[in-house]
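Written out below as structure tokens is the structure these notes cover.
Each chain gets a letter, A, B and so on, in the order its sequence line appears, and its residues count up from 1.
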Protein chains: 2
Amino acid sequence: MGVTERKERHKEELKRDILSAAKELFTTQGLEATSIRNIAEKIEYSPATIYLYYKDKNEIIHALHQEGFKMLVSHFQVLATVSDPFERLKAMGRAYTRFALENQDVYELLFVMKEPLLHVESCVEQGWNEGDRAFDILMQTVKECQAKGYFQTLDTEKVSFVIWSTMHGLCTLRTSGHLGHVTVARESGHDLDALMTSAYETFVVMLERLKS
Amino acid sequence: MGVTERKERHKEELKRDILSAAKELFTTQGLEATSIRNIAEKIEYSPATIYLYYKDKNEIIHALHQEGFKMLVSHFQVLATVSDPFERLKAMGRAYTRFALENQDVYELLFVMKEPLLHVESCVEQGWNEGDRAFDILMQTVKECQAKGYFQTLDTEKVSFVIWSTMHGLCTLRTSGHLGHVTVARESGHDLDALMTSAYETFVVMLERLKS
DNA sequence: CAGAAATATGAACACCGTTTAGTAAAATGG
DNA sequence: CCATTTTACTAAACGGTGTTCATATTTCTG
């Protein structure tokens, strides 16, 4: 039955076409423009057809979510070569902020929106595996830092969560525009990215001082 | 001309009615349910009427935004009585997380959504005065902590921003559901609020160790 | 070739924010 | 007191959203 196989492949192909159309719309036009109707138009099918391949929009968003996570994890993968754990931690922070600022919509998809996570809950099979992996990388690094005298007597998971929170807060307050409304940056050079970066450096110094 | 005055009062009254209808919808039904049409139905007017009193939905959202900020600032006001600056800082953090968890939609309105800020930009008159005030309270406290030996040689504004970011990150990762998908909390008691609180305590310990 | 099964869609439903043209009521001027 | 202007309001529409369902159209199979 080579015929059914070919058809099967065609089906998978269309499913991927839908996803890549969604991906392109999402990355070039942003979240707003990524509607079922726009996707349908791009692949030259009826909007209703999309529902034969994806249950609803959340399923598409979830698929984009996974792709976005692969992007992020790949950004981290490079840093595994840095042997000193604290240096690695610093580099991870820089990579994280850079990723968030350069891919704001993707970042929002990964860490701000609630919809993609809701879909994860329905697939009980495996939790948020990509997310877990990224967090495990962070925890592993924190653990190694602790072995070198940093964050002594503190719980690894909680320290990791605090660090993640700080990075997430820095990034979202920057991209949401709240940073620009509160700081002296308004009257000064108003280079918000530079201000956020220097705030990150301050955070690094704070962490550095936590070595016993 | 007492007539025009009375009419003027009626106009102001309706404007407030719209806002309080919006507020009630927002706090009881959430963000999604707060549509122009729902508000109109609640006050028993046509949707178009609302546009005679507010330029667009963003203006209403901005008004709710200001109300939300007054709520937050009032939560902080009480803490001014705490004389020790570091104790005050700790109490502020607790008040902040408590506010965020107990008023999740309001918090999102204040610190996550971009729409209310966009409206602020159009009113050049005065920046984000409420937000500035809250941030100034934080900065003042950090400054006093520095006078007592905390965060020495670090820039007050940047330390404040880092602290704010951490709090914001903790709160949003909690309320967006991302915390629950990444931590061991899944298999353990899965009391996420308690986990977030203990992460906050870890953060406090970290700050405490930054005293020279 | 007929019938069954898979595939695709047009049209509709119920929403959304917003605008416009038009109506009804009230205030004003003569 | 009537005519006119101003004010207050709204019905209906525009273009958009996600989603569903009955109806084609195409493809495979006996």
Can you measure [X] atom [atom1] to [N] atom [atom2] for me and round it to whole angstrom units?
X	N	atom1	atom2	result
B:Leu52	D:dT7	CG	P	13 Å
A:Ile36	D:dG18	CD1	C1'	7 Å
A:Leu14	C:dT9	CG	C1'	14 Å
B:Glu41	D:dT10	CD	P	13 Å
B:Glu32	C:dA14	CD	C1'	15 Å
A:Glu13	C:dT7	CD	C1'	16 Å
B:Tyr51	C:dC16	OH	P	11 Å
B:Glu59	C:dT18	CD	C1'	14 Å

Grab the two heavy atoms, one from A:Val112 and one from B:Ser176, that are nearest each other, plus how far apart they are.
O-CB, 3.9 Å

Assert yes or no for the condition that the ring centre distance of A:Phe111 to A:Phe69 is strictly below 6.0 Å.
yes

Centres of the B:Tyr107 and B:His168 rings: under 6.0 Å?
yes

Taking the axis from the first five pairs and the axis from the last five, what angle separates them in the helix from C:dC1-D:dG30 to C:dG30-D:dC1, rounded to 10 degrees?
30°

OP1, OP2 of D:dC9 versus side-chain N and O of B:Tyr45: anything below 4.0 Å?
yes

Strictly below 4.0 Å: does A:Ser46 bring a side-chain N or O up to OP1 or OP2 of C:dA8?
no

Less than 4.0 Å between a side-chain N and a carboxylate O, is that true for [Y] and [X]?
X	Y	result
A:Glu59	A:Lys55	no
A:Lys70	A:Glu67	no
A:Lys143	A:Glu157	no

Return yes if a side-chain donor-acceptor contact under 3.5 Å exists between B:Thr34 and B:Gln29, otherwise no.
no

When we call it a touch if two heavy atoms are under 4.0 Å apart, what does B:Tyr53 touch: a base, just sugar-phosphate, or nothing?
sugar-phosphate

Tell me what A:Thr49 touches on the nucleic acid: a base, only sugar-phosphate, or nothing, going by heavy atoms under 4.0 Å.
base

Identify, between A:Lys55 and A:Asn38, the residue whose nearest nucleotide on DNA chain D lies closer to the 5' end.
A:Asn38

Answer yes or no: side-chain N or O of A:Arg37 and base N or O of D:dG16 forming a donor-acceptor pair under 3.5 Å.
no

